[in-house]
A.B. asks: 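Starting off with a structure, shown below.
Within every chain, numbering begins at 1; the chains are lettered A, B, ... in the order of the sequence lines, protein sequences first and strands thereafter. Every heavy atom of this structure was used, including side-chain atoms; hydrogens, water molecules and symmetry mates were not.
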There are 2 protein chains.
Amino acid sequence: MYLIGELSKQTGVKIPTIRYYEEMGLIEKPHRTSGNQRQYEKEGLERLSFIKHARDLGLSIEDIRELVDLSSSPEKSCKQAHEIAHHHLQFIKTKISKLRRLEKELKRVALLDDEGHVGKCKIIASLADHRLCKGEH
Amino acid sequence: MYLIGELSKQTGVKIPTIRYYEEMGLIEKPHRTSGNQRQYEKEGLERLSFIKHARDLGLSIEDIRELVDLSSSPEKSCKQAHEIAHHHLQFIKTKISKLRRLEKELKRVALLDDEGHVGKCKIIASLADHRLCKGEH
DNA sequence: AATAAAGCTCTAGTCATTAGAGCTTTAAGA
DNA sequence: TCTTAAAGCTCTAATGACTAGAGCTTTATT
């Protein structure tokens with residue numbers, strides 16, 4: 001039995017976000033007290049944790065809605081859940097490799113200054129000169 | 001000399017997005033033809049490519065504005081440039097390590113299905129079970 | 001000269017929140 | 001019991017980074 005503030009603390013999801021999820025139909029409308037305040041049960045906490053977890057992993061609300069819907073019809077759902085997870089894994093992998101390339105490029109740029117103090121600033125020149133990393137991303 | 005459509009094709013940035021970047025001050029206002037159409041030079045193309053790359057890598061508009069300002073204002077000191085470059089390098093490194101953790105977890109989640117078709121879908125169960133990755137995100 | 005394609009501005013919509021105004025309910029102390 | 005303070009409520013509007021559409025003008029081609 002948690003009020004929204006407690007639920008927020010437990011899950012790390014901010015209060016307006018919880019209400020937004022409710023409006024979006026991601027979480028069930030909770031029971032209200034006589035004074036109209038939301039009152040959550042353990043299941044509400046669990047579902048919100050699930051959503052938080054999936055959001056942290058970068059899944060979209062729609063992805064999550066799919067997963068949530070799927071979890072209520074478990075017999076034909078695993079394949080689809082697998083697809084969603086894999087699709088997202090691919091997305092993350094691409095992102096990582098792109099970031100590695102930028103890291104390399106930024107390192108190159110940042111290190112220039114070690115020798116660059118003799119003449120003009122080479123960092124700026126290098127940032128402006130995009131040819132050096134053409135085609136890499 | 002490109003019109004906006006050509007620039008869009010060359011860079012992969014959609015036309016309204018180019019105009020949006022202009023409004024945001026990320027790219028310079030280009031010369032207009034007698035008929036008021038935007039006409040870009042090589043430099044315009046290069047800057048937009050740079051922005052596209054940085055966006056693909058997940059840098060925010062504000063991050064990019066800093067880099068762009070840096071690259072187009074040589075009066076700024078080399079020290080400042082060095083600081084900004086390093087700051088972004090740090091930013092990228094953090095981002096990479098965060099994504100690596102997500103990758104690991106998603107792999108764990110996605111691979112579950114290899115054995116999971118026997119019983120209930122373990123992907124959903126795993127996403128719901130936050131204990132398995134507590135503290136990681 | 002006519003038509004299609006591409007350009008223009010301006011407004012409004014998207015997603016996933018987040019912030020604020022202005023009110024009510026609840027818990028705790030005097 | 002009365003009074004605050006904290007926490008709740010609804011509703012509206014803003015954020016960031018686009019994206020789409022209406023309704024018009026310019027340019028290229030036949």
A.B. asks: Counting only non-hydrogen atoms, which of residues 15-23 of chain A are less than 4.0 Å from DNA chain D?
C.D. replies: A:Ile15, A:Arg19
A.B. asks: Return each pair, listed once, that meets side chain to side chain donor-acceptor pair (under 3.5 Å) where at least one residue sits in residues 12-26 of chain B; pairs must be two or more places apart or across chains.
C.D. replies: B:Glu22-B:Arg38
A.B. asks: Test B:Val13 against every option in B:Ile18, B:Ile27, B:Ile51 by the side-chain contact (heavy atoms from CB on, under 4.5 Å) rule and name the one that passes.
C.D. replies: B:Ile18
A.B. asks: Which residues within residues 4-11 of chain A lie with some heavy atom under 4.0 Å of an atom in DNA chain D?
C.D. replies: A:Ile4, A:Gly5
A.B. asks: Between A:Tyr2 and A:Leu45, what is the shortest heavy-atom contact and its length?
C.D. replies: OH-CD2, 3.6 Å
A.B. asks: Does B:Gln37 have any side chain to side chain contact (heavy atoms under 4.5 Å, CB included) partners at least two apart in sequence or in another chain, and if so, which?
C.D. replies: B:Leu3, B:Thr33
A.B. asks: Please give me every residue in residues 24-35 of chain A whose heavy atoms get under 4.0 Å of an atom in DNA chain C, ordered by residue number.
C.D. replies: A:Thr33, A:Ser34, A:Gly35
A.B. asks: Sequence neighbours left out, what passes side chain to side chain donor-acceptor pair (under 3.5 Å) with A:Glu41? Give chain and number order.
C.D. replies: none
A.B. asks: Is there side-chain contact between B:Ile61 and B:Arg55, with at least one heavy-atom pair below 4.5 Å?
C.D. replies: yes
A.B. asks: Can you give me the N/O atom pairs linking the protein to nucleotides 1-4 of chain C at distances under 3.5 Å, or say none if there are none?
C.D. replies:
none

A.B. asks: Are B:Tyr40 and B:Leu48 packed together at the side-chain level, in the sense that at least one heavy-atom pair is separated by less than 4.5 angstrom?
C.D. replies: no
A.B. asks: Could I get the full list of salt bridge (Lys or Arg N to Asp or Glu O under 4.0 Å) partners for A:Glu62, not counting sequence neighbours?
C.D. replies: A:Arg65
A.B. asks: Mind grabbing the angle between the end helix axes of the helix from C:dA1-D:dT30 to C:dA30-D:dT1? Five pairs an end, 10° rounding.
C.D. replies: 10°
A.B. asks: For DNA chain D, determine which residues of residues 36-44 of chain A have any heavy atom closer than 4.0 angstrom to one of its atoms, and list them numerically.
C.D. replies: A:Asn36, A:Gln37, A:Arg38
A.B. asks: Would you grab the first and last nucleotide of DNA chain D (5' to 3') that comes under 4.0 Å of any non-hydrogen atom in chain A?
C.D. replies: D:dG8 to D:dT10
A.B. asks: Could you give all pairs that pass the side chain to side chain donor-acceptor pair (under 3.5 Å) test and reach residues 3-13 of chain A, with sequence neighbours left out?
C.D. replies: A:Glu6-A:Gln10
